[in-house]
Amino acid sequence: MHTLLSLPRQASYERLLYWANGFLAASAAVLLATVLMCYPFEQWFSLPQLIVGHLSMLASATMVKISYVGRCIALYALKREVR
């Protein structure tokens, strides 16, 4: 039988879920922007800007993955459906 989380722990996981969702949305938006910058609109940017764009793309893709894992951890701990 599953026991309920204590109130402080539940609040911590709710806070983790809130921040993970926010970071997931923000990093996905940055990832989309950098993909657009580096591929279809590359002619509008200088080489140093494209280098920064590619590095930002790598960092934002990593943040998407990290925030998704945080989201899954929070949902699992709160006994909600993990999607």
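Everything quoted here is computed from the prediction, not taken from an experiment.
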Which atom of S60 lies closest to which atom of L31, heavy atoms considered
OG-CA, 3.4 Å
May I have all residue pairs that pass salt bridge (Lys or Arg N to Asp or Glu O under 4.0 Å) and include part of residues 11-30, sequence neighbours excluded?
E14-R80
For the student: nearest non-hydrogen atoms of L24 and S67, plus distance:
CA-OG, 3.3 Å
Pair listing, ring pair (Phe, Tyr, Trp, His ring centres under 6.0 Å) test, anchored in residues 57-83, at least two apart:
none
Each residue besides L58 in its hydrophobic cluster should be listed here, by chain and number; the cluster joins Ile, Leu, Val, Met, Phe, Trp and Tyr at side-chain heavy-atom distances under 4.5 Å.
none
Can you tell me how far the CG atom of L17 sits from the OG atom of S12, to the nearest 0.5 Å?
12.5 Å
Whichever hydrophobic residues join M37 through chains of side-chain contacts under 4.5 Å
L32, L36, F41, W44, F45, L50
Where is the tightest heavy-atom contact between E81 and L75, given as atom of each residue plus distance?
O-CD1, 3.7 Å
Of the non-hydrogen atoms in A20 and R71, which two are nearest, and what is the gap between them?
CB-N, 3.6 Å
According to ring pair (Phe, Tyr, Trp, His ring centres under 6.0 Å), does anything in residues 12-36 pair up with another residue at least two apart or in another chain? List the pairs.
none
Cluster question for you: counting only ILVMFWY and a side-chain heavy-atom cut-off of under 4.5 Å, with indirect links fine, are V30 and M63 together?
no
Who passes side chain to side chain contact (heavy atoms under 4.5 Å, CB included) against Y39, sequence neighbours left out?
V35, H54, M57
